[in-house]
Amino acid sequence: MDIIHLLPDSVANQIAAGEVIQRPASCLKELVENSLDAGATRIQVIVRDAGRTLLQVIDNGSGMSEMDARLAFERHATSKIQEAQDLFSLRTMGFRGEALASICAVAQVEMTTRRNEDETGTLIEIHGSDVVRQEPCSCPVGTNIKVSNLFFNVPVRRKFLKTDQTELRNLLTEFYHIVLVYPKVAFTFVHNDEILLELPAGTEKQRIEAVFGNSKKNVYTSAFVEVNTDTELVSIRGFVVKPENATRKAEQYFFVNGRYMRHPYFLKAVQTAYSGMLTADYQPSFFIYFTIAPEAIDVNIHPTKTEIKFADEQAIFQILMASVREALGKFTLAPTLDFDAQGSIDIPLPSTEPVAAPHVTVDPTYNPFHTRGAIYPDKAPKNWESLYEALSTPRDLEISTSQEMTISDTAPIWQYGGKYIFVAVENGLLMINQHRAHVAVLYARFLEQLANTQGAMQQLLFPEVLTLTPDQMASLLPLLPDLKAIGFDLEQLSPDSYAIQGVPSQLTNQSAVPVIQHILQQVRERGADTQREWREQIALALAEQGAIVYGKPLTETEMRELVAQLIQLPSYRRTADGKTIVSLMSDDEINKRF
Ligand code: ADP
Ligand code: MG
């Protein structure tokens, strides 16, 4: 029996139209979801040039009849819903009958497919919606679909594709979202003839280990505790990282009824459950699977969206937070200090009074942080007053005033709350965030070193091993030349690991692995696709890692030096990622308070 039928128009109209295929990753998602819908237990993904040249998915699912093989490529041809009502109780992945039609319109598609009950299979070849070949063929049960030269007839789309590294990362991200909810299905992912992931069928935990652990032993998953809660409204299962194993780079995954979703509100619930347990900047990793009656969530008509609306979000927030708390409660931990969480002083910048460019006189050659390695310049400008002139370029005019402010080396200066430097200036009180100030200073230095490929390298006595997931690997490759320029000495050990043999001399007191992980995470989160952006992200990530932390007591000399360094920067008021560094409370404002 043929099982595909055309959707009535009324239904078709209820389905929001939208572009299904935006990039190789969306194409891959549609193909793999079709294989899953067809009941496959083994799915192979073969990719060439990050999907530009080839995206192939081979499954051992139900296969299609000769007639269905042809119909599958018609718009709104689906075997999955018949009536509009079905949309609301949908349990399969695809349902709009649009994916294959969209794909074959923008690529060259060749498919072989055979059902178990058929002797011969069908081969069909379609180029940009034109069927160029359909004939019987011999092939295994299941479906083998090859999508070549994606967007060959849409040059604009093709041009909009990012670098191979980025597109590969997108492919893997999409792939992770799927494989993490189908642990019982075996997957492989091959890119340019290299097997990037080989995932045997197993439990959820084994799947997580296979994707992120890079090892047979449960090294990765042993850092997690299980969450398991059943209520009438929702059931929540999964794994959350033990607080002591949290890292800056977090893997955070929510799934609902077998689908990946983004949910910033529920993310808050998880973060709240961890509050007081994590060091500043650290994020909890988690894999949380929700099961809920399909009626209680808003069916996501648009397949490319990953945000899902729940009918009862507040109740679920509470249940989620309580479940994570309970899971974590099995560990007794002394909460670590989180300086950012302490009541921060939030004095608004006076709106009418712009911050004046301060005038400072200190000895800039003094290196206050010598104990932490050569963080401070060996070549601090002697005539920095002339640099101050440079502050009054038109770009900075809005923040400087004609009124000159002086920070003399006898001006009262003190550290407040382990976090701020307060210094009296001529017309008020200047408040400076110590960590951010140092981030800005280091950022400028690292950028300069990157531009001049002159980072000083310190050989490590004991090389550290950096093990990476395939998507991290894809992020790392384009960064390698710059990492080398700044002073990292990396040698590839295996397809997924590097030996770190040397680090920038500013970072000798730190473990190198988290520093690189942090860089990779920043590149991923903030998005960087050009060398300039890579350099900025590397410089910023290194600066964040190398900068003095909150809570570090500073001597008077250290404070004066840091302030002097800071205001030499062309943009000393904000960090490269836009955080406020300095704030001035003017005399007027102080007087007004009384
Ligand atoms: P949808 O998945 O939304 O129904 P698609 O365009 O993705 O729409 O697929 C159209 C139809 O082709 C599906 O309903 C299904 O019947 C059939 N099909 C697609 N891929 C496969 C596959 N790998 N195995 C078996 N049938 C498939
Ligand atoms: Mg589909």
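Index from 1, following the sequence. Each ligand, and each atom within it, is numbered from 1 in the order the structure gives.
At least one N or O atom of Ala99, backbone or side chain, sits closer than 3.5 Å to an N or O atom of ligand 1. The shortest N/O to N/O separation between Ala38 and ligand 1 does not fall below 3.5 Å. The shortest N or O to N or O distance between Glu30 and ligand 1 is not under 3.5 Å. At least one N or O atom of Asp59 sits closer than 3.5 Å to an N or O atom of ligand 1.
Using modelled atom types and a 3.5 Å distance limit, the side chains of Glu544 and Gln522 yield a donor-acceptor pair. Counting only N and O atoms by type, the side chains of Ser497 and Ser494 include a donor and acceptor under 3.5 Å apart.
With a 6.0 Å radius and a threshold of 12 heavy atoms from other residues, nucleotides or ligands, Glu135 has its CD atom above the threshold. The number of heavy-atom neighbours closer than 6.0 Å to CD of Gln283, taken from other residues, nucleotides and ligands shown, is above 12.
Contact annotation for Thr143 and ligand 1: only side-chain heavy atoms (C-beta onward) come within less than 4.0 Å of the ligand. Only the side chain of Ser62 comes within 4.0 Å of ligand 1, counting heavy atoms alone; its backbone N, CA, C and O stay farther away.
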task: Please assess Leu180 against Phe255 for the test side-chain contact (heavy atoms from CB on, under 4.5 Å), listing each intermediate value before the final yes or no.
output: CA-CA 9 Å; Leu180 288 169; Phe255 304 96; 3.5 Å; yes
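For the pair Arg532 and Glu536, the salt-bridge criterion is met [side-chain N within less than 4.0 Å of a carboxylate O].
Put simply, part of Met64 is less than 4.0 Å from ligand 1, judged by heavy atoms. Not close to ligand 1: Gly61, with no non-hydrogen atom less than 4.0 angstrom away.
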